[in-house]
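What follows is a set of notes on a single structure, which appears directly below.
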Protein chains: 2
Amino acid sequence: MKKVRDAEASKARVFDAAAEEFALHGFVGAKVDRIAARARVNKAMIYYHFKNKAALYRAVVGDMFAATAARLRELRASNLTPAQQIDEFIAIVAREGQARKYFPRMWLRELADDGRHMGERNFADLTAIVSILAAILADGQKAGVFRPMPPFVVQVGIVGPLFLFLATGPLRSTAALKARIPISNISTDVLIDYVRAMTKGALSAQRP
Amino acid sequence: MKKVRDAEASKARVFDAAAEEFALHGFVGAKVDRIAARARVNKAMIYYHFKNKAALYRAVVGDMFAATAARLRELRASNLTPAQQIDEFIAIVAREGQARKYFPRMWLRELADDGRHMGERNFADLTAIVSILAAILADGQKAGVFRPMPPFVVQVGIVGPLFLFLATGPLRSTAALKARIPISNISTDVLIDYVRAMTKGALSAQRP
DNA sequence: GTCTATAAATAGATAGAC
DNA sequence: GTCTATCTATTTATAGAC
(Lines give C-alpha, C1' and ligand atoms only; values in the text may rest on other atoms or scores of the structure.)
Protein backbone atom coordinates (compact mmCIF):
# COMPACT_ATOMS: atom_id res chain seq x y z
CA MET A 1 0.00 0.00 0.00
CA LYS A 2 2.75 2.33 1.01
CA LYS A 3 4.73 1.16 -2.03
CA VAL A 4 1.78 1.80 -4.30
CA ARG A 5 1.40 5.36 -3.10
CA ASP A 6 5.12 5.91 -3.53
CA ALA A 7 4.94 4.47 -7.02
CA GLU A 8 2.14 6.81 -8.00
CA ALA A 9 4.01 9.75 -6.56
CA SER A 10 7.24 8.89 -8.32
CA LYS A 11 5.41 8.25 -11.58
CA ALA A 12 3.84 11.69 -11.30
CA ARG A 13 7.23 13.23 -10.59
CA VAL A 14 8.64 11.53 -13.68
CA PHE A 15 5.75 12.91 -15.74
CA ASP A 16 6.33 16.46 -14.52
CA ALA A 17 10.09 16.29 -14.91
CA ALA A 18 9.74 14.85 -18.40
CA ALA A 19 7.29 17.56 -19.45
CA GLU A 20 9.72 20.23 -18.33
CA GLU A 21 12.68 18.51 -19.97
CA PHE A 22 10.87 17.95 -23.29
CA ALA A 23 9.74 21.58 -23.30
CA LEU A 24 13.24 22.90 -22.68
CA HIS A 25 15.14 20.56 -24.99
CA GLY A 26 12.78 18.81 -27.39
CA PHE A 27 12.43 15.08 -27.88
CA VAL A 28 15.97 14.51 -29.13
CA GLY A 29 17.55 17.02 -26.78
CA ALA A 30 15.77 15.66 -23.72
CA LYS A 31 18.06 13.40 -21.74
CA VAL A 32 16.70 10.53 -19.70
CA ASP A 33 19.42 11.11 -17.13
CA ARG A 34 18.27 14.69 -16.61
CA ILE A 35 14.64 13.62 -16.32
CA ALA A 36 15.66 11.16 -13.62
CA ALA A 37 17.65 13.82 -11.78
CA ARG A 38 14.82 16.36 -12.03
CA ALA A 39 12.32 13.80 -10.74
CA ARG A 40 14.70 12.69 -7.96
CA VAL A 41 14.29 9.15 -9.21
CA ASN A 42 16.72 6.50 -10.34
CA LYS A 43 16.99 6.32 -14.13
CA ALA A 44 15.86 2.71 -14.17
CA MET A 45 12.57 3.78 -12.57
CA ILE A 46 11.66 5.70 -15.70
CA TYR A 47 11.77 2.48 -17.68
CA TYR A 48 9.81 0.79 -14.93
CA HIS A 49 6.98 3.31 -15.11
CA PHE A 50 7.04 3.93 -18.86
CA LYS A 51 8.02 1.72 -21.75
CA ASN A 52 10.67 4.11 -23.05
CA LYS A 53 11.41 7.75 -23.84
CA ALA A 54 8.93 7.83 -26.73
CA ALA A 55 6.05 6.44 -24.67
CA LEU A 56 6.76 8.95 -21.92
CA TYR A 57 6.66 11.75 -24.47
CA ARG A 58 3.34 10.58 -25.89
CA ALA A 59 1.84 10.44 -22.42
CA VAL A 60 2.75 14.10 -21.83
CA VAL A 61 1.32 15.24 -25.17
CA GLY A 62 -1.75 13.11 -24.60
CA ASP A 63 -2.58 14.82 -21.32
CA MET A 64 -2.94 18.21 -23.04
CA PHE A 65 -4.75 16.94 -26.09
CA ALA A 66 -7.21 14.76 -24.22
CA ALA A 67 -8.13 17.60 -21.87
CA THR A 68 -8.52 20.11 -24.69
CA ALA A 69 -10.54 17.76 -26.88
CA ALA A 70 -12.83 16.96 -23.96
CA ARG A 71 -13.50 20.63 -23.19
CA LEU A 72 -14.14 21.36 -26.87
CA ARG A 73 -16.65 18.53 -27.14
CA GLU A 74 -18.56 20.10 -24.25
CA LEU A 75 -18.43 23.44 -26.04
CA ARG A 76 -19.76 21.85 -29.19
CA ALA A 77 -22.64 20.34 -27.23
CA SER A 78 -23.68 23.80 -26.01
CA ASN A 79 -26.00 26.03 -27.97
CA LEU A 80 -23.81 29.08 -28.22
CA THR A 81 -23.74 31.00 -31.50
CA PRO A 82 -20.84 30.32 -33.90
CA ALA A 83 -19.19 33.62 -32.93
CA GLN A 84 -19.47 32.75 -29.25
CA GLN A 85 -18.09 29.28 -29.91
CA ILE A 86 -15.03 30.81 -31.61
CA ASP A 87 -14.50 33.00 -28.57
CA GLU A 88 -14.73 29.97 -26.32
CA PHE A 89 -12.52 27.87 -28.58
CA ILE A 90 -9.81 30.49 -28.23
CA ALA A 91 -10.22 30.74 -24.46
CA ILE A 92 -10.12 26.96 -24.00
CA VAL A 93 -6.95 26.51 -26.05
CA ALA A 94 -5.31 29.42 -24.24
CA ARG A 95 -6.27 28.26 -20.77
CA GLU A 96 -5.38 24.60 -21.25
CA GLY A 97 -2.07 25.71 -22.76
CA GLN A 98 -1.39 28.07 -19.91
CA ALA A 99 -2.29 25.45 -17.32
CA ARG A 100 0.56 23.34 -18.75
CA LYS A 101 3.49 25.74 -18.94
CA TYR A 102 5.56 23.16 -20.76
CA PHE A 103 3.10 22.45 -23.54
CA PRO A 104 3.31 25.44 -25.90
CA ARG A 105 7.05 24.90 -26.34
CA MET A 106 6.59 21.19 -26.85
CA TRP A 107 3.96 21.85 -29.48
CA LEU A 108 6.06 24.34 -31.45
CA ARG A 109 8.78 21.69 -31.58
CA GLU A 110 6.40 18.89 -32.48
CA LEU A 111 4.97 20.94 -35.35
CA ALA A 112 8.49 21.56 -36.65
CA ASP A 113 8.97 17.78 -36.39
CA ASP A 114 5.84 17.11 -38.49
CA GLY A 115 4.22 15.24 -35.62
CA ARG A 116 6.96 12.61 -35.79
CA HIS A 117 6.76 11.67 -32.11
CA MET A 118 3.00 11.51 -31.70
CA GLY A 119 1.13 8.25 -31.28
CA GLU A 120 -2.16 7.15 -32.81
CA ARG A 121 -4.02 8.35 -29.76
CA ASN A 122 -2.42 11.80 -29.93
CA PHE A 123 -3.29 12.04 -33.58
CA ALA A 124 -6.90 11.12 -32.98
CA ASP A 125 -7.28 13.87 -30.38
CA LEU A 126 -5.63 16.42 -32.66
CA THR A 127 -7.94 15.42 -35.47
CA ALA A 128 -10.92 15.84 -33.17
CA ILE A 129 -9.83 19.34 -32.27
CA VAL A 130 -9.41 20.43 -35.89
CA SER A 131 -12.73 18.86 -36.82
CA ILE A 132 -14.54 20.79 -34.13
CA LEU A 133 -13.12 24.07 -35.36
CA ALA A 134 -14.11 23.13 -38.91
CA ALA A 135 -17.66 22.43 -37.73
CA ILE A 136 -17.94 25.79 -35.96
CA LEU A 137 -16.72 27.57 -39.09
CA ALA A 138 -19.19 25.68 -41.26
CA ASP A 139 -22.06 26.67 -38.94
CA GLY A 140 -20.97 30.30 -39.08
CA GLN A 141 -20.81 30.29 -42.86
CA LYS A 142 -24.22 28.67 -43.09
CA ALA A 143 -25.57 31.42 -40.82
CA GLY A 144 -23.92 34.06 -43.00
CA VAL A 145 -21.78 35.52 -40.21
CA PHE A 146 -18.39 34.12 -41.31
CA ARG A 147 -16.83 34.33 -44.72
CA PRO A 148 -15.47 31.04 -46.14
CA MET A 149 -11.97 30.24 -44.89
CA PRO A 150 -10.01 26.97 -44.76
CA PRO A 151 -10.05 25.63 -41.17
CA PHE A 152 -6.26 25.28 -41.05
CA VAL A 153 -5.81 28.97 -41.79
CA VAL A 154 -8.08 29.88 -38.90
CA GLN A 155 -6.37 27.27 -36.72
CA VAL A 156 -2.86 28.68 -37.23
CA GLY A 157 -4.36 32.14 -36.76
CA ILE A 158 -5.48 31.12 -33.29
CA VAL A 159 -2.83 28.68 -32.08
CA GLY A 160 0.07 30.58 -33.64
CA PRO A 161 -0.28 33.80 -31.64
CA LEU A 162 -1.37 32.03 -28.45
CA PHE A 163 1.43 29.48 -28.32
CA LEU A 164 4.16 31.73 -29.67
CA PHE A 165 3.33 34.10 -26.89
CA LEU A 166 2.99 31.48 -24.17
CA ALA A 167 6.22 29.78 -25.24
CA THR A 168 8.46 32.83 -25.37
CA GLY A 169 8.34 34.55 -22.00
CA PRO A 170 12.08 34.62 -21.25
CA LEU A 171 13.09 35.44 -24.81
CA ARG A 172 10.68 38.37 -24.94
CA SER A 173 12.11 39.77 -21.72
CA THR A 174 15.64 39.60 -23.14
CA ALA A 175 14.58 41.12 -26.46
CA ALA A 176 12.66 43.89 -24.72
CA LEU A 177 15.75 44.88 -22.82
CA LYS A 178 17.93 44.93 -25.93
CA ALA A 179 15.34 46.76 -28.03
CA ARG A 180 14.62 49.20 -25.19
CA ILE A 181 10.95 48.40 -25.39
CA PRO A 182 9.01 48.78 -22.12
CA ILE A 183 8.46 45.32 -20.62
CA SER A 184 4.77 45.70 -19.93
CA ASN A 185 3.40 42.71 -18.07
CA ILE A 186 0.99 41.36 -20.63
CA SER A 187 -1.79 39.26 -19.12
CA THR A 188 -3.25 36.21 -20.76
CA ASP A 189 -6.58 38.03 -20.81
CA VAL A 190 -5.15 40.77 -23.03
CA LEU A 191 -3.73 38.10 -25.29
CA ILE A 192 -7.04 36.23 -25.50
CA ASP A 193 -8.89 39.45 -26.30
CA TYR A 194 -6.40 40.28 -29.03
CA VAL A 195 -6.67 36.84 -30.64
CA ARG A 196 -10.45 37.04 -30.46
CA ALA A 197 -10.43 40.45 -32.13
CA MET A 198 -8.02 39.24 -34.80
CA THR A 199 -9.97 36.11 -35.58
CA LYS A 200 -13.38 37.69 -35.71
CA GLY A 201 -12.06 40.67 -37.62
CA ALA A 202 -10.67 38.36 -40.27
CA LEU A 203 -13.66 36.03 -40.39
CA SER A 204 -16.33 38.69 -40.40
CA ALA A 205 -18.59 38.26 -43.43
CA GLN A 206 -19.21 41.95 -44.04
CA ARG A 207 -15.84 43.58 -44.70
CA PRO A 208 -14.81 46.61 -46.81
CA MET B 1 41.17 29.63 -59.08
CA LYS B 2 39.41 26.43 -59.92
CA LYS B 3 39.88 25.35 -56.31
CA VAL B 4 38.42 28.62 -55.09
CA ARG B 5 35.30 28.16 -57.17
CA ASP B 6 34.96 24.61 -55.91
CA ALA B 7 35.39 25.83 -52.38
CA GLU B 8 32.65 28.40 -52.79
CA ALA B 9 30.39 25.81 -54.33
CA SER B 10 30.98 23.27 -51.59
CA LYS B 11 30.55 25.90 -48.90
CA ALA B 12 27.21 26.83 -50.44
CA ARG B 13 26.19 23.17 -50.53
CA VAL B 14 27.09 22.84 -46.86
CA PHE B 15 24.99 25.90 -46.06
CA ASP B 16 21.96 24.52 -47.91
CA ALA B 17 22.33 21.04 -46.47
CA ALA B 18 22.71 22.44 -42.98
CA ALA B 19 19.64 24.64 -43.33
CA GLU B 20 17.58 21.62 -44.36
CA GLU B 21 19.02 19.46 -41.59
CA PHE B 22 18.49 22.09 -38.87
CA ALA B 23 14.92 22.62 -40.07
CA LEU B 24 14.10 18.91 -39.98
CA HIS B 25 15.85 18.01 -36.74
CA GLY B 26 16.69 21.14 -34.73
CA PHE B 27 20.10 22.14 -33.46
CA VAL B 28 20.59 19.15 -31.18
CA GLY B 29 18.94 16.69 -33.54
CA ALA B 30 20.96 17.84 -36.55
CA LYS B 31 23.86 15.49 -37.19
CA VAL B 32 27.03 16.74 -38.80
CA ASP B 33 27.41 13.42 -40.60
CA ARG B 34 24.01 13.86 -42.25
CA ILE B 35 24.84 17.43 -43.27
CA ALA B 36 28.01 16.17 -44.92
CA ALA B 37 26.13 13.41 -46.72
CA ARG B 38 23.41 15.79 -47.86
CA ALA B 39 26.01 18.25 -49.13
CA ARG B 40 28.05 15.46 -50.79
CA VAL B 41 31.06 16.69 -48.88
CA ASN B 42 33.49 15.06 -46.53
CA LYS B 43 32.64 15.75 -42.92
CA ALA B 44 35.99 17.41 -42.29
CA MET B 45 35.14 20.00 -44.94
CA ILE B 46 32.37 21.32 -42.74
CA TYR B 47 34.92 22.19 -40.09
CA TYR B 48 37.14 23.65 -42.77
CA HIS B 49 34.43 26.03 -43.99
CA PHE B 50 32.82 26.80 -40.63
CA LYS B 51 34.22 26.89 -37.14
CA ASN B 52 31.79 24.31 -35.78
CA LYS B 53 28.16 23.25 -35.73
CA ALA B 54 27.08 26.31 -33.75
CA ALA B 55 28.73 28.78 -36.11
CA LEU B 56 27.15 27.04 -39.08
CA TYR B 57 23.76 27.35 -37.42
CA ARG B 58 24.23 31.04 -36.72
CA ALA B 59 25.19 31.65 -40.34
CA VAL B 60 21.93 30.08 -41.52
CA VAL B 61 19.80 32.08 -39.09
CA GLY B 62 21.76 35.21 -39.95
CA ASP B 63 20.96 34.95 -43.64
CA MET B 64 17.21 35.19 -42.98
CA PHE B 65 17.45 37.87 -40.33
CA ALA B 66 19.85 40.11 -42.22
CA ALA B 67 17.70 39.96 -45.36
CA THR B 68 14.49 40.66 -43.46
CA ALA B 69 15.97 43.48 -41.41
CA ALA B 70 17.37 45.09 -44.57
CA ARG B 71 14.02 44.99 -46.36
CA LEU B 72 12.25 46.38 -43.31
CA ARG B 73 14.68 49.27 -43.04
CA GLU B 74 13.83 50.16 -46.65
CA LEU B 75 10.14 49.97 -45.79
CA ARG B 76 10.68 52.26 -42.84
CA ALA B 77 12.44 54.76 -45.09
CA SER B 78 9.40 54.91 -47.37
CA ASN B 79 6.52 57.29 -46.74
CA LEU B 80 3.71 54.78 -46.63
CA THR B 81 0.97 55.24 -44.05
CA PRO B 82 1.18 53.17 -40.85
CA ALA B 83 -1.59 50.84 -42.11
CA GLN B 84 0.25 50.33 -45.39
CA GLN B 85 3.49 49.69 -43.54
CA ILE B 86 1.80 46.96 -41.49
CA ASP B 87 0.59 45.36 -44.71
CA GLU B 88 4.11 45.48 -46.11
CA PHE B 89 5.66 44.26 -42.87
CA ILE B 90 3.46 41.17 -43.10
CA ALA B 91 4.24 40.60 -46.77
CA ILE B 92 8.00 40.96 -46.24
CA VAL B 93 8.11 38.50 -43.34
CA ALA B 94 5.96 36.05 -45.29
CA ARG B 95 7.96 36.29 -48.50
CA GLU B 96 11.39 36.12 -46.90
CA GLY B 97 10.18 33.15 -44.86
CA GLN B 98 8.76 31.44 -47.89
CA ALA B 99 11.93 32.06 -49.90
CA ARG B 100 13.78 30.02 -47.25
CA LYS B 101 11.65 26.90 -46.86
CA TYR B 102 13.77 25.76 -43.97
CA PHE B 103 13.50 28.90 -41.88
CA PRO B 104 10.00 28.82 -40.36
CA ARG B 105 10.70 25.43 -38.80
CA MET B 106 14.07 26.57 -37.52
CA TRP B 107 12.50 29.61 -35.97
CA LEU B 108 9.74 27.71 -34.17
CA ARG B 109 12.47 25.55 -32.64
CA GLU B 110 14.70 28.46 -31.78
CA LEU B 111 11.83 30.22 -30.01
CA ALA B 112 11.17 27.08 -27.99
CA ASP B 113 14.89 27.13 -27.17
CA ASP B 114 14.70 30.74 -25.92
CA GLY B 115 17.14 31.88 -28.58
CA ARG B 116 19.84 29.71 -27.01
CA HIS B 117 21.74 29.14 -30.27
CA MET B 118 21.71 32.65 -31.63
CA GLY B 119 24.80 34.82 -31.75
CA GLU B 120 25.16 38.52 -30.98
CA ARG B 121 24.71 39.37 -34.63
CA ASN B 122 21.49 37.36 -34.88
CA PHE B 123 20.17 39.03 -31.78
CA ALA B 124 20.94 42.50 -33.12
CA ASP B 125 18.97 41.79 -36.32
CA LEU B 126 16.05 40.39 -34.36
CA THR B 127 16.05 43.46 -32.15
CA ALA B 128 16.05 45.69 -35.22
CA ILE B 129 13.00 43.87 -36.60
CA VAL B 130 11.01 44.21 -33.40
CA SER B 131 11.99 47.85 -33.06
CA ILE B 132 10.74 48.63 -36.55
CA LEU B 133 7.37 47.07 -35.81
CA ALA B 134 7.22 49.03 -32.56
CA ALA B 135 7.91 52.26 -34.48
CA ILE B 136 5.17 51.57 -37.02
CA LEU B 137 2.70 50.91 -34.22
CA ALA B 138 3.71 54.10 -32.42
CA ASP B 139 3.17 56.12 -35.61
CA GLY B 140 -0.26 54.56 -36.08
CA GLN B 141 -1.28 55.32 -32.54
CA LYS B 142 -0.09 58.90 -32.86
CA ALA B 143 -2.19 59.21 -36.03
CA GLY B 144 -5.18 57.76 -34.20
CA VAL B 145 -5.65 54.80 -36.53
CA PHE B 146 -4.33 52.05 -34.22
CA ARG B 147 -5.34 51.36 -30.67
CA PRO B 148 -2.48 50.92 -28.18
CA MET B 149 -1.10 47.38 -28.15
CA PRO B 150 2.24 45.96 -26.93
CA PRO B 151 4.52 45.33 -29.96
CA PHE B 152 5.19 41.73 -28.91
CA VAL B 153 1.50 40.92 -29.01
CA VAL B 154 1.23 42.25 -32.55
CA GLN B 155 4.48 40.46 -33.46
CA VAL B 156 3.27 37.01 -32.35
CA GLY B 157 -0.04 37.79 -34.04
CA ILE B 158 1.81 38.16 -37.34
CA VAL B 159 4.70 35.73 -37.13
CA GLY B 160 2.69 33.04 -35.35
CA PRO B 161 0.12 32.39 -38.09
CA LEU B 162 2.62 32.92 -40.94
CA PHE B 163 5.32 30.61 -39.63
CA LEU B 164 3.00 27.98 -38.17
CA PHE B 165 1.43 27.72 -41.58
CA LEU B 166 4.68 27.78 -43.55
CA ALA B 167 6.27 25.21 -41.25
CA THR B 168 3.50 22.63 -41.24
CA GLY B 169 2.78 21.66 -44.83
CA PRO B 170 3.22 17.88 -44.51
CA LEU B 171 1.53 17.67 -41.13
CA ARG B 172 -1.51 19.56 -42.39
CA SER B 173 -1.83 17.18 -45.31
CA THR B 174 -1.79 14.18 -42.98
CA ALA B 175 -4.24 15.78 -40.58
CA ALA B 176 -6.57 16.78 -43.40
CA LEU B 177 -6.75 13.18 -44.54
CA LYS B 178 -7.49 11.85 -41.06
CA ALA B 179 -10.02 14.60 -40.29
CA ARG B 180 -11.65 14.21 -43.72
CA ILE B 181 -11.20 17.91 -44.36
CA PRO B 182 -10.83 18.90 -48.00
CA ILE B 183 -7.14 19.56 -48.73
CA SER B 184 -7.59 22.88 -50.46
CA ASN B 185 -4.33 24.19 -51.85
CA ILE B 186 -3.93 27.33 -49.84
CA SER B 187 -1.74 29.92 -51.49
CA THR B 188 0.61 32.20 -49.62
CA ASP B 189 -1.43 35.13 -50.93
CA VAL B 190 -4.54 33.88 -49.15
CA LEU B 191 -2.50 33.48 -46.00
CA ILE B 192 -1.04 36.98 -46.27
CA ASP B 193 -4.50 38.46 -46.83
CA TYR B 194 -5.85 36.63 -43.81
CA VAL B 195 -3.02 37.81 -41.54
CA ARG B 196 -3.48 41.36 -42.80
CA ALA B 197 -7.20 41.21 -42.10
CA MET B 198 -6.57 39.75 -38.66
CA THR B 199 -3.96 42.30 -37.69
CA LYS B 200 -5.78 45.36 -38.92
CA GLY B 201 -9.07 44.10 -37.51
CA ALA B 202 -7.47 43.76 -34.10
CA LEU B 203 -5.53 47.02 -34.23
CA SER B 204 -8.29 49.17 -35.62
CA ALA B 205 -8.90 52.14 -33.34
CA GLN B 206 -12.65 52.31 -33.84
CA ARG B 207 -14.13 49.02 -32.72
CA PRO B 208 -17.54 48.11 -31.28
C1' DG C 1 41.19 21.49 -50.40
C1' DT C 2 40.15 16.67 -49.44
C1' DC C 3 40.10 12.25 -47.06
C1' DT C 4 40.99 8.44 -43.36
C1' DA C 5 41.18 7.21 -38.87
C1' DT C 6 40.32 7.91 -34.35
C1' DA C 7 40.02 10.22 -29.87
C1' DA C 8 36.82 11.39 -26.28
C1' DA C 9 32.46 12.02 -24.59
C1' DT C 10 27.68 10.94 -24.14
C1' DA C 11 23.23 8.57 -24.17
C1' DG C 12 19.38 4.99 -24.35
C1' DA C 13 18.43 0.93 -22.43
C1' DT C 14 18.85 -3.31 -19.55
C1' DA C 15 20.69 -7.15 -16.46
C1' DG C 16 20.68 -8.50 -12.10
C1' DA C 17 21.30 -7.80 -7.00
C1' DC C 18 18.60 -6.39 -3.09
C1' DG D 1 10.09 -0.94 -6.23
C1' DT D 2 14.86 0.61 -6.24
C1' DC D 3 19.75 0.82 -7.34
C1' DT D 4 24.57 -0.21 -9.50
C1' DA D 5 27.09 -1.28 -13.26
C1' DT D 6 27.58 -1.74 -17.85
C1' DC D 7 26.78 -2.76 -22.82
C1' DT D 8 26.31 -0.75 -27.28
C1' DA D 9 25.87 2.78 -30.35
C1' DT D 10 26.45 7.48 -31.66
C1' DT D 11 28.43 11.81 -32.27
C1' DT D 12 31.46 16.07 -32.33
C1' DA D 13 35.74 17.28 -33.49
C1' DT D 14 40.55 16.90 -34.90
C1' DA D 15 45.19 15.04 -36.29
C1' DG D 16 47.72 14.13 -40.03
C1' DA D 17 48.56 12.09 -44.72
C1' DC D 18 48.05 13.45 -49.54
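Proteins come first, then strands; the chains are lettered A, B, ... in the order of their sequence lines, and each starts at number 1.
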Exercise for review: Show the numbers, then the answer: is there a side chain to side chain contact (heavy atoms under 4.5 Å, CB included) between R116(B) and L171(A)?
Suggested key: CA-CA 9 Å; R116(B) 210 179 301 168; L171(A) 181 57; over 6 Å; no
Practice item. Rounded to the nearest angstrom, tell me the gap between atom CD1 in I35(A) and atom C1' in dG12(C). Key: 11 Å
Check your understanding: K31(A) side chain: which of dG12(C), dG1(C), dG1(D) is closest?
Key -> dG12(C)
Practice item. Ignoring backbone atoms, establish whether S10(B) has a side-chain N or O less than 4.0 Å from OP1 or OP2 of dG1(C). Key: no
Review point. Counting any heavy atom closer than 4.0 Å, what does A36(B) reach on the DNA or RNA strands: base, sugar-phosphate only, or nothing?
Key: nothing
**Study point:** Pairwise 5' ranking along DNA chain C for V32(A) and H49(B), keeping only the more 5' one
**Key:** H49(B)
**Study point:** Closest-nucleotide 5' rank along DNA chain C - winner of A44(A) and A30(A)
**Key:** A30(A)
**Study point:** Nucleotide nearest Y47(B) (side chain, heavy atoms from C-beta), chosen from dA13(C), dA15(C), dA13(D)
**Key:** dA13(D)
Check your understanding: Atom NZ of K51(A) to atom P of dA13(C): distance rounded to whole Å?
Key -> 9 Å
Check your understanding: Taking atom P of dT2(D) as reference, at what distance in whole Å does atom CZ of R40(A) sit?
Key -> 13 Å
**Study point:** Test log, rule salt bridge (Lys or Arg N to Asp or Glu O under 4.0 Å), inputs E21(B) and K31(B)
**Key:** CA-CA 8 Å; E21(B) 176 75 6; K31(B) 301 307 167 194; over 6 Å; no
Check your understanding: In whole Å, what is the span from the CG atom of N42(A) to the P atom of dT4(D)?
Key -> 6 Å
Review point. K43(B) near the nucleic acid: base, sugar-phosphate alone, or nothing, with a heavy-atom cut-off under 4.0 Å?
Key: base
Check your understanding: Are any of the side-chain nitrogens in D87(B) or K200(B) under 4.0 Å away from the carboxylate oxygens of its partner?
Key -> yes
Review point. Do the two ring centres, one from F65(A) and one from F103(A), sit under 6.0 Å apart?
Key: yes
Exercise for review: Report the distance from atom CG of D33(B) to atom C1' of dA9(D), rounded to the nearest whole Å.
Suggested key: 13 Å
Point to revise | Ring centroid separation F22(A) to Y102(A) under 6.0 Å | key: no
Practice item. For A54(A), answer base if it contacts any base atom (sugar-phosphate contacts may also be present), sugar-phosphate if it contacts only those atoms, and nothing otherwise; contact means non-hydrogen atoms under 4.0 Å. Key: nothing
Review point. Between atom CE in M45(B) and atom C1' in dT12(D), what is the gap in whole Å?
Key: 18 Å
Exercise for review: Grab the CG-C1' distance between N52(B) and dT12(D) for me, whole Å please.
Suggested key: 10 Å
